[in-house]
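Here is the naming used below: chain letters follow the sequence lines, and residue numbers restart at 1 for every chain.
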Number of protein chains: 2
Amino acid sequence: MLSDVMEDYLKAIYQLQRETDDRIKTSEIAEELDVTSPTVTSMLDKLEDRELVDREKYRGVTLTDEGETVALEIVRHHRLLEAYLTEHLDYDWSEVHAEADRLEHHISEDFEARVADALGEPEVDPHGSPIPSADLEPPTRPDGKSIAEFEAGTVVTVAEVADRDPDVLSYLAEHGVEPGVELEIIEIAPFGMVTARSSEADDPVSLPESVASHVWVAAPAEPEP
Amino acid sequence: MLSDVMEDYLKAIYQLQRETDDRIKTSEIAEELDVTSPTVTSMLDKLEDRELVDREKYRGVTLTDEGETVALEIVRHHRLLEAYLTEHLDYDWSEVHAEADRLEHHISEDFEARVADALGEPEVDPHGSPIPSADLEPPTRPDGKSIAEFEAGTVVTVAEVADRDPDVLSYLAEHGVEPGVELEIIEIAPFGMVTARSSEADDPVSLPESVASHVWVAAPAEPEP
DNA sequence: TGCCGAGTTTAGACGGGTCTAACCCTAAAG
DNA sequence: CTTTAGGGTTAGACCCGTCTAAACTCGGCA
């Protein structure tokens with residue numbers, strides 16, 4: 001049996017791997033989980049003993065297949081909970097993260113199945129992030145680009161908003177930046193700031209690079225052929 | 001901030017106090033939580049430091065007002081969750097206890113409020129146990145009697161089934177023993193076994209004293225005046 | 001009154017998860 | 001090829017919640 005904390009480490013490593021697809025370094029995990037590096041090192045020792053991570057000293061870790069399965073289970077719990085909370089308990093998409101983060105470790109397989117069923121086996125959560133399927137097969141990254149990677153004048157459809165900060169998410173919602181909306185890229189400033197107009201809002205919104213890079217688009221809008 | 005484990009101890013003491021309304025002894029808590037007595041002693045030290053229990057060495061503990069408030073909060077979480085799971089996620093009343101026991105420590109005030117709202121501020125859980133109100137005022141025990149305390153021939157209405165064992169609960173449900181049903185007491189055997197017929201079942205059911213004592217009746221049916 | 005047994009507490013150990021301080025490895029810059 | 005800065009690991013400490021073994025207290029009984 002794994003502790004909540006171990007599950008958190010595996011989830012963190014999984015998510016960092018999605019972003020960088022490289023070996024994950026001690027300091028990255030420490031940053032992600034708000035813990036010191038020696039703490040991470042000692043936890044990695046334990047995870048290695050259990051064959052949940054592959055380790056190379058001084059060179060970071062990757063998840064083993066088993067570790068990845070555990071991480072997927074947790075991510076599935078998290079995203080199903082987020083979906084359920086918004087769908088059935090009237091939560092706003094900006095609020096669900098913290099609640100799901102606490103509950104994800106404590107629901108049974110039975111609960112997971114019932115929630116998935118109540119939602120009709122959804123494929124994405126309210127942020128547009130894919131929910132791992134019940135068989136926990138590693139999803140193939142269908143990945144698109146962030147809105148920061150387009151030219152001014154392009155019109156794109158938002159697929160996913162991968163930020164976790166509730167304040168940022170509220171702000172985005174207020175300005176019409178949510179999964180499913182169309183966004184016209186108005187300007188990309190040299191320092192990375194993206195200005196765009198949502199189909200759901202009157203005024204354009206400007207987003208610093210750190211925020212814009214979390215707003216993902218499934219497929220680039222084709223330029224005129 | 002209190003740990004999950006501390007919350008469990010406070011809840012256990014609260015529930016034991018409801019049953020015995022006396023000082024609660026170390027060994028009772030140990031039994032309830034399935035840990036050893038020394039473990040209980042050391043935890044009681046900590047709870048006393050935090051002024052959550054009143055303690056007299058070698059003589060057991062009682063909850064302080066503050067300790068009771070914490071316990072009521074947990075019990076409220078537990079019973080609201082039980083109600084929600086049966087009402088909205090299609091759980092059977094026999095299955096909800098274990099799930100609620102894990103989740104009760106991890107839901108936010110916000111979640112609690114939303115669940116209570118979705119249920120319409122219910123006053124009892126699926127077992128008929130009273131749900132503490134949101135203000136966490138100690139409920140006055142409106143208590144009745146267990147079915148073991150009646151004469152053969154009496155007809156009573158089940159108010160609460162205070163068992164926690166899923167197998168026992170399933171068995172009772174199969175034989176029509178649930179909150180709200182009428183029960184005709186057919187026989188009280190000298191060794192405490194109660195035989196009764198439910199308005200919801202054809203055949204009578206016999207319950208050993210240990211089970212019968214958990215089946216509560218709100219008010220005795222008045223004998224003919 | 002004095003002893004005895006049941007139950008409680010103390011003492012000491014351990015694993016989990018965290019920290020700080022000190023040491024060491026790696027890789028990049030000269 | 002050597003130095004060095006940055007980051008990773010080791011060492012050692014602490015608190016939590018648990019245990020076993022040993023000492024103690026209480027209350028009933030001879």
K.L.:
Looking at B/Tyr9, does any N or O in its side chain come under 4.0 Å of the phosphate oxygens OP1/OP2 on D/dT18?
P.N.:
yes

K.L.:
B/Glu121: which residues meet the salt bridge (charged side-chain N to carboxylate O under 4.0 Å, His left out) condition with it, sequence neighbours left out?
P.N.:
B/Arg76

K.L.:
Check each residue of residues 34-50 of chain A for a non-hydrogen atom within less than 4.0 Å of any atom in DNA chain C, then write out the ones that pass by number, or none.
P.N.:
A/Val35, A/Thr36, A/Pro38, A/Thr39, A/Ser42, A/Met43, A/Lys46

K.L.:
Using a cut-off of less than 4.0 Å, is there contact between a side-chain N or O of B/Arg55 and OP1 or OP2 of C/dT9?
P.N.:
yes

K.L.:
Side chain of B/Met6 only, please: which of C/dG17, C/dT8, D/dG17 is the nearest?
P.N.:
D/dG17

K.L.:
Could you tell me whether the phosphate oxygens of D/dG27, OP1 or OP2, come under 4.0 Å of any side-chain nitrogen or oxygen in B/Arg59?
P.N.:
yes

K.L.:
Indicate whether OP1 or OP2 belonging to C/dT10 is found under 4.0 Å from a side-chain N or O atom of B/Lys57.
P.N.:
yes

K.L.:
Evaluate salt bridge (Lys or Arg N to Asp or Glu O under 4.0 Å) for B/Arg164 paired with B/Asp101, printing each intermediate quantity in order.
P.N.:
CA-CA 11 Å; B/Arg164 277 173 275 176; B/Asp101 245 8; 5.9 Å; no

K.L.:
What is the distance, to the nearest angstrom, from the NZ atom on A/Lys25 to the C1' atom on D/dT9?
P.N.:
15 Å

K.L.:
Please name all residues satisfying ring-ring contact (aromatic ring centres under 6.0 Å, His included) with B/Tyr9, sequence neighbours left out, ordered by chain then number.
P.N.:
none

K.L.:
Separation of A/Leu2 atom CG from C/dG16 atom P, in whole Å?
P.N.:
12 Å

K.L.:
Measure from CD on B/Glu56 to P on D/dC26 and round the result to the nearest Å.
P.N.:
10 Å

K.L.:
Whole angstroms only, please: what is the CD-P distance between A/Glu31 and D/dG8?
P.N.:
12 Å

K.L.:
Ignoring backbone atoms, establish whether B/Ser27 has a side-chain N or O less than 4.0 Å from OP1 or OP2 of C/dA6.
P.N.:
no

K.L.:
Roughly how far, to the nearest 0.5 Å, is the CD atom of B/Glu68 from the CD1 atom of B/Ile13?
P.N.:
11.5 Å

K.L.:
For A/Asp163, which residues count as a side chain to side chain donor-acceptor pair (under 3.5 Å) partner, sequence neighbours excluded?
P.N.:
A/His214

K.L.:
Whole angstroms only, please: what is the CD1-C1' distance between A/Ile29 and D/dG8?
P.N.:
12 Å

K.L.:
Please report the distance, rounded to the nearest Å, between OH in A/Tyr58 and P in D/dA5.
P.N.:
19 Å

K.L.:
Which residues pass the side chain to side chain donor-acceptor pair (under 3.5 Å) test with A/Glu73, sequence neighbours left out?
P.N.:
A/His77

K.L.:
Over how many whole Å does the gap from B/Arg23 atom CZ to C/dG7 atom C1' extend?
P.N.:
16 Å

K.L.:
Listing request: all salt bridge (charged side-chain N to carboxylate O under 4.0 Å, His left out) pairs with a residue in residues 86-99 of chain A, at least two apart in sequence or in separate chains.
P.N.:
A/Glu95-B/Arg114, A/Glu99-A/Arg102

